[in-house]
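All residue numbers refer to positions in the sequence shown, counting from 1. Note: hydrogens, waters and symmetry copies are ignored here, and every other heavy atom, side chains too, is used.
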Amino acid sequence: MKNLFVLGIVLSIFSCNQATEKTTDASHESKMAEAPAITNMSGYTPTYSSEMKLGNSKYAENVMALFRTWDSGDLTKANDYFADSVSLYLRDGMLVSGTKDQVMAAMQQARSNYTAMENRIHVVFPVTLEPSKDEWACIWSTEKFTDKAGKTDSLVISETWRFNTAGKVDLMYQYGRSLPSKPVAFTK
């Protein structure tokens, strides 16, 4: 519950900043490009990167399109977004990895266990990690779903999607947790 409270505060702050700060994409990108580097790592050295800048917005759009196909239940529309070889690390510890066709078949089978699916996107943003120039899109959402037995539940999820040099997804990490037993109330 504490984590959900903290997430609520972070999302509230983000929402307030979004509502009050009217910037153009160009000025926002300029601010991101001018953001200072992290100077105090508290004794840690990231093994991958701690330097990032705002990435290609197309990748964030692609991830939202993938969420739409998941919600609709027809994953055939998602094929063009994936590389020939894909690895998806899911929140329950499962790894779905193989060719695009194998992974898509496994995910379609998993999706067929639900009669209804609805994601509420809280934030999505693309990042480019330096110096590797790796392109990622990060997304936070609340997913409400109904299984074939009629049971409805919700998850809060956070995913990071990596795009290869051809602009195709080749890796995804998913983190999530169940919500309290109360129903999720979406408000504006």
Side-chain angles (χ1 to χ4, degrees), residues 3-4 7 11 46-49 52 54-129 132-186:
N3 289 342
L4 187 57
L7 177 62
L11 292 174
T47 58
Y48 188 47
S49 178
M52 68 178 144
L54 188 61
N56 185 337
S57 61
K58 183 67 177 167
Y59 297 136
E61 293 168 5
N62 289 355
V63 169
M64 287 188 290
L66 289 169
F67 267 61
R68 182 61 60 206
T69 64
W70 180 255
D71 283 355
S72 77
D74 181 8
L75 303 187
T76 58
K77 298 174 185 175
N79 281 338
D80 291 340
Y81 293 98
F82 288 95
D84 292 337
S85 179
V86 184
S87 294
L88 307 176
Y89 290 84
L90 304 179
R91 73 176 194 89
D92 60 3
M94 180 182 285
L95 168 62
V96 180
S97 185
T99 67
K100 171 176 44 176
D101 292 339
Q102 291 169 327
V103 169
M104 294 308 297
M107 295 311 294
Q108 185 66 64
Q109 182 179 4
R111 176 58 179 87
S112 69
N113 292 319
Y114 301 97
T115 59
M117 186 72 60
E118 176 189 359
N119 272 280
R120 173 76 177 245
I121 306 300
H122 302 297
V123 65
V124 59
F125 55 95
V127 296
T128 302
L129 295 181
S132 65
K133 305 289 186 204
D134 286 351
E135 297 285 350
W136 292 82
C138 306
I139 189 166
W140 302 344
S141 73
T142 299
E143 182 177 79
K144 290 175 29 174
F145 51 89
T146 305
D147 67 18
K148 286 185 174 182
K151 181 182 176 203
T152 300
D153 205 347
S154 298
L155 297 171
V156 175
I157 57 176
S158 174
E159 296 177 350
T160 53
W161 297 74
R162 184 176 70 188
F163 292 82
N164 66 17
T165 56
K168 305 290 185 176
V169 172
D170 64 358
L171 177 66
M172 187 273 292
Y173 294 108
Q174 180 186 68
Y175 306 92
R177 70 175 302 260
S178 297
L179 290 173
S181 58
K182 292 181 185 178
V184 174
F186 290 139

Taking only residues two or more places apart in sequence or in another chain, which ones pass side-chain hydrogen bond (donor to acceptor under 3.5 Å, both in side chains) with [X]?
X	answer
N119	D71, S141, E143
Q102	T99
T165	none
S49	none

Tell me every residue that passes salt bridge (charged side-chain N to carboxylate O under 4.0 Å, His left out) with [X], counting only those two or more places apart in sequence or in another chain.
X	answer
D134	none
K133	E130
R111	none

Which heavy-atom pair separates [X] from [Y] by the least distance, and what is that distance?
X	Y	value
V86	V103	O-CG2, 3.7 Å
N164	A83	ND2-CB, 3.4 Å
P126	L54	O-CD1, 3.6 Å
L75	Q108	N-OE1, 2.9 Å

Salt bridge (Lys or Arg N to Asp or Glu O under 4.0 Å) pairs, two or more places apart, involving residues 75-87: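 Every candidate salt bridge (Lys or Arg N to Asp or Glu O under 4.0 Å) pair involving residues 75-87 fails, so no pair, neighbours aside, qualifies.
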Any pair counted as salt bridge (Lys or Arg N to Asp or Glu O under 4.0 Å), so long as it reaches residues 150-163, sequence neighbours left out: R162-D170
Rounded distance [0.5 Å steps], CG in N56 versus OG1 in T128: 7.5 Å
With the side chain counted from C-beta on, respond yes when [X] and [Y] share a heavy-atom pair under 4.5 Å apart, and no when they do not.
X	Y	answer
N62	V169	no
H122	T142	yes
L171	W136	yes

Pairwise ring pair (Phe, Tyr, Trp, His ring centres under 6.0 Å) hits with a residue in residues 66-90, at least two apart: Y89-Y173
Qualifying ring pair (Phe, Tyr, Trp, His ring centres under 6.0 Å) pairs with a residue from residues 141-172, counting only residues at least two apart or across chains: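 For residues 141-172, and leaving out neighbouring residues, the ring pair (Phe, Tyr, Trp, His ring centres under 6.0 Å) pairs sorted by first residue read Y59-F163, Y114-F145.
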Under the side-chain contact (heavy atoms from CB on, under 4.5 Å) test, residues paired with K148 that sit two or more places apart: T115
